Amino acid sequence: MNYKHISLALLLLMSNLPVIAGLVMNLNRYWRYTPGYELRKGVYEKVNLPHTWNTGDALGGNADYYRGLGNYERNLEIPAAWKNKRLFLKFYGVNTIANVFINGQHVGEHRGGYTSFTFEITNLVRPGEHNTLQVRVNNAPQLDIMPLLGDFNMYGGIYRDVELLIENPNCISPLHYGSEGIYLKPKQVNEQSAQVEANVHLNGQAGETLKTEITVRNGEKVILKTETHNTLDAQGQAVATIPFSIHNPRLWNGQADPFMYAVELKIYHNSDLQDDAHTKLGLRYFRADAHQGFFLNGNRLQLKGVCRHQDRPELGNALNKLHHEEDIAIMQDMGANAVRLSHYPQDPYVYKLLDEAGFIVWSEIPFVGPGGYRDKGFVNQESFKENGRQQLKEMIYQQFNHPSICFWGLFNELKEEGDNPVAFVQELNQLAKELDPLRLTTAASNQGGQLNRLTETIAWNKYYGWYGGTPASIGQWADKAHKEFPNTPIGISEYGAGASIYHQQEELKKPVANSYWHPENWQTHFHEQHWMAIDQRPFLWGTFIWNLFDFGAAHRTEGEVPGKNDKGLITFDRAIKKDAFYFYKANWNTTDPLVYFAERRLDKRSNTQQTIKVYSNQKSVELTVNGQSLGRQKGHYGRFIWENISLKPGKNILLAKAKSGTQDKIVIRIEDTASSKF
């Protein structure tokens, strides 16, 4: 539900007036935090949300970073005029377990760190008096809560927004699996018509009859308006079902036209407005074909995907809207059109941005296996399985109305040894299809076995040329997998190699993956070879680079510094784009002119004979060395290469220029081998 956001000061000024339906007060400020081991009274740290307590230890490469209890507390002012209103607390992300208390009384517990949850507090607050809100958070590993492990940091804290919802006695329910209570279900969509069913969950006073009115707009134009009436049952609940159709719909068509209709819901008791809400409706149809890949609205669309983790240095996972906006803008600049949000549901604002930007999205639950590490991602106990069902329901219900989402991911790198997760994954797949018949299920595998045959599509995490083999082997693997799974759409869920911008080498030599030497030019070579092989295999329904950004992994002891996975195409702080980023931009972004010298950070070299490489999305590029033109080259996969170029000892100025006027300039210094240090 898109509540009307309003400031605390304005709410207090309005407290003696009738409350407009569906207001929200942000509660991100004025919290007091103490770690769980702090027992002294009056000792606390003042914090604002989003907040995590692991910005120092986890991001410092401490594998034994604090995973335990943290206590949050703040005052909660409830005006006396709200005594006849219903009040709800909505949390958008608390990792991993949250227990909520009002005035010392337990409200409820939520188990799972990546989805929203809501509790009603109407009967626990004292309007007109002092109230306290306390949240006890626990990010310690739990054998009955996903994820059990993962190659990323499990930051603890209230790391997303918290809101107070002020509602009339009858309202659209905010209690259905933490969702907005509104589900717009496309039943059949094509260019001629769209058949849609709106399900609106109502909550209020038992026995009362409510009118639900729905209005759909194309811009300012109202294209339909209809209503239905429902009587609340003995528990004060009802689901308003409103079917409607749109003739000749304008389709949500990815980045070509990410159009969405505006939908308004109003709830009336007699003639009194009880609640209203606004959401978006994006209409599209899609499929994945085992031989031809992904199709959107009947047209093949090559998915050029990246993976994204939700953390940054100094902040951990406590990000704000500007950080999400920057990440999506970088994806657009690169030319990506698809994203795998690994390995968990991400901030609701991210999905809003991706809808508006026209991305194809893979959203997944944190059912994460060990990969190359020990331990298990699955424990065959009922409490673990119930938590998995809960997290899947919450993800699907909370993200249901986002047209960008086309794939529900059910697991990452599970193993069949020991407790075998096959039967449970089958159950999750069936549950996902019951909740949402139209979207496709998928998973990220890293081995053979029955797990690869449970979801509608499947993809693999493959690192040829990093953890073994050569980069070119990815094509041979894909051809073999296509033959083994002739009727199943297959993809690549991860492929990547580590790189530090500070690690430069003149030769092209494969490093040892778990060493502290991750030269940038090997990552570049890795991605060149992979993309050329991928692009020539249209049967791959989607491929996703691991990772768009470097990210925190406290247990890692490799690469530039401990505690970081440096497979990103961009540095952890988003400040510097590595060479491989520009290779993809040259191939994927055909709109913004690009000319870029690769290996520019190798500015001191020992050999006067050099190979010069430029990335560009232009038809031809001219290279000038020390003022002398060496002619134009035509590119291949965005690569323009001049071999056996003679540079003079000392300083050399190189200029690459396209006919469009786009150009790039670097300086290379040739030094004696004995005095050079790389």
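Everything numeric in this text was worked out from a predicted model, so none of it was measured. Hydrogens, waters and symmetry mates play no part in the numbers below; they use all other heavy atoms, side chains included.
- Contact between N230 and A238 at its shortest, heavy atoms only, is CB-CB, 4.1 Å.
- Using the six-membered ring where Trp is involved, Y349 and H324 have ring planes that are tilted, between 30° and 60° apart.
- Side-chain contact annotation: E197 with N199, donor-acceptor N/O pair under 3.5 Å present.
- Contact annotation: the side chain of L87 never approaches that of L165 to less than 4.5 Å [non-hydrogen atoms, C-beta and beyond].
- No option in Q310, R308, H309 other than R308 meets the side-chain hydrogen bond (donor to acceptor under 3.5 Å, both in side chains) test with Q346.
- For the pair R136 and F101, the cation-pi test (distance below 6.0 Å, angle within 45°) is failed.
- Taking 4.5 Å as the limit, some side-chain heavy atom of L175 sits within range of a side-chain heavy atom of F88.
- Between F152 and F551, the distance from one ring center to the other does not fall under 6.0 angstrom.
- Test Y159, Y155, Y72 against H51 for side-chain hydrogen bond (donor to acceptor under 3.5 Å, both in side chains) and you get one pass: Y72.
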**side chain to side chain contact (heavy atoms under 4.5 Å, CB included) between Y30 and K46, worked out** = CA-CA 7 Å; Y30 310 120; K46 293 181 179 180; over 6 Å; no
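- In this structure, D355 contributes its side chain and S404 its backbone to a donor-acceptor pair below 3.5 Å.
- For T115 and Y92, the side-chain atoms include no donor-acceptor pair closer than 3.5 Å.
- Under a 3.5 Å cut-off, the side chain of R574 and the backbone N or O of F572 do form a donor-acceptor pair.
- Within the 4.5 Å cutoff, no side-chain heavy atoms of E167 are placed close to those of K85.
- Taking each heavy atom of A338 and F544 in turn, the nearest pair found is CB-CE2, 4.0 Å.
- Under 4.0 Å is where a charged nitrogen must lie from a carboxylate oxygen, and between K321 and E325 no such pair does.
- The closest side-chain donor-acceptor pair between T228 and T212, if any, does not fall under 3.5 angstrom.
- For S179 and Q398, the side-chain atoms include no donor-acceptor pair closer than 3.5 Å.
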**Request:** Decide side chain to side chain donor-acceptor pair (under 3.5 Å) for H323 and N320; before the verdict, give the C-alpha distance in whole Å, the side-chain angles of both, and the deciding distance to 0.1 Å.
**Result:** CA-CA 6 Å; H323 298 121; N320 62 44; 3.2 Å; yes
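- Closest heavy-atom contact between A554 and N153: N-OD1, 2.8 Å.
- Within the 3.5 Å criterion, the main-chain N or O of I405 finds a donor-acceptor partner in the side chain of R439.
- The line from CG of L49 to CD of E163 is 11.5 Å long, rounded to the nearest 0.5 Å.
- Here the options are N168, T122, N170, N203, the test is side-chain hydrogen bond (donor to acceptor under 3.5 Å, both in side chains), and the partner is R86; only N203 passes.
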**Asked** Run the side chain to side chain contact (heavy atoms under 4.5 Å, CB included) check on L569 and F549 step by step: do they pass?
**Response** CA-CA 6 Å; L569 303 187; F549 308 105; over 6 Å; no
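- Listed here is the closest heavy atom pair of I121 and L164: CD1-CD1, 4.1 Å.
- Under the 3.5 Å distance criterion, with hydrogens and angles disregarded, no donor-acceptor pair is assigned to the side chains of E364 and N412.
- Between the CD atom of E208 and the CG atom of L202 there is a distance of 12.0 Å, given to the nearest 0.5 Å.
- Separating the CD atom in E213 from the NE2 atom in H229 is a distance of 9.5 Å, to the nearest 0.5 Å.
- By the 4.5 Å heavy-atom criterion applied to side chains, W82 and I166 are counted as neighbours.
- Of the possible polar contacts, none joining the D566 side chain to the D550 backbone as a donor-acceptor pair under 3.5 Å is found.
- The closest side-chain heavy-atom distance from T96 to Q142 is not below 4.5 Å.
- Aromatic pair H343/W362: ring centres not closer than 6.0 Å.
- Judged by distance alone, with hydrogens and angles left aside, the side-chain atoms of N95 form no donor-acceptor pair with the main-chain N or O of G156 at under 3.5 Å.
- The distance between the ring centers of F384 and F378 falls below 6.0 angstrom.
- For the atom pair N62 CG and D57 CG, the distance stands at 6.0 Å (nearest 0.5 Å).
- The pair R312-E314 fails the salt-bridge criterion, with no side-chain N (NZ, NE, NH1 or NH2) lying under 4.0 Å from an Asp/Glu carboxylate O.
- In this structure, F367 has its ring center under 6.0 Å from that of F424.
- At a threshold of 4.5 Å between non-hydrogen side-chain atoms, the residues L341 and L354 count as touching.
- Ion pair R217/E264 flagged as a salt bridge, since at least one NZ, NE, NH1 or NH2 atom sits closer than 4.0 Å to an Asp/Glu carboxylate oxygen.
- Judged purely by atom type and a 3.5 angstrom limit, R160 uses its side chain to pair as donor or acceptor with the backbone of Y114.
- Residues E427 and R389 are paired through a salt bridge, judged by an N-O separation under 4.0 Å between the basic side chain and the carboxylate.
- Side-chain contact of N28 with D161: a donor-acceptor pair under 3.5 Å is present, judged by distance alone.
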**Request:** Tell me, with the steps shown, if K564 and E560 meet salt bridge (charged side-chain N to carboxylate O under 4.0 Å, His left out).
**Result:** CA-CA 8 Å; K564 182 173 69 175; E560 180 184 317; 3.6 Å; yes
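- Residues A553 and D151 share a closest heavy-atom pair of CB-OD1, 3.8 Å.
- In this structure, the side chain of N401 engages the main chain of I182 through a donor-acceptor pair within 3.5 Å.
- Within the 3.5 Å criterion, the main-chain N or O of Q237 finds a donor-acceptor partner in the side chain of D233.
- Under a cut-off of 6.0 angstrom, the local environment of CD in E434 is crowded, with over 12 non-hydrogen atoms contributed by other residues, nucleotides or ligands.
- The two residues S116 and K90 come nearest to each other via the heavy atoms CB-CE, 4.1 Å.
- Distance CD/Q332 to CD1/I328: 7.5 Å, rounded to 0.5 Å.
- Salt bridge K266/D275: absent, no basic N to carboxylate O contact under 4.0 Å.
- In this structure, N54 contributes its side chain and Y66 its backbone to a donor-acceptor pair below 3.5 Å.
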**Request:** Determine, step by step, whether Y177 and H201 satisfy the side chain to side chain donor-acceptor pair (under 3.5 Å) criterion, reporting the C-alpha distance in whole Å, the side-chain angles of both residues, the deciding distance to 0.1 Å, and the verdict.
**Result:** CA-CA 11 Å; Y177 291 96; H201 287 246; over 6 Å; no
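- Within the 4.5 Å cutoff, the side chain of L89 has heavy atoms near those of the L27 side chain.
- Using the six-membered ring where Trp is involved, W53 and Y33 have ring planes that are parallel, under 30° apart on the 30 and 60° scheme.
- Between V361 and R340, the closest side-chain pair of non-hydrogen atoms is not below 4.5 Å.
- Inspection of the D436 and W408 side chains reveals an N or O donor paired with an N or O acceptor under 3.5 Å.
- Panel note: side chain H402, backbone Q399; no donor-acceptor pair is recorded below 3.5 Å.
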**Request:** Dump the intermediate steps for side chain to side chain donor-acceptor pair (under 3.5 Å) on H110 and N99, then the final yes or no.
**Result:** CA-CA 7 Å; H110 182 262; N99 279 273; over 6 Å; no
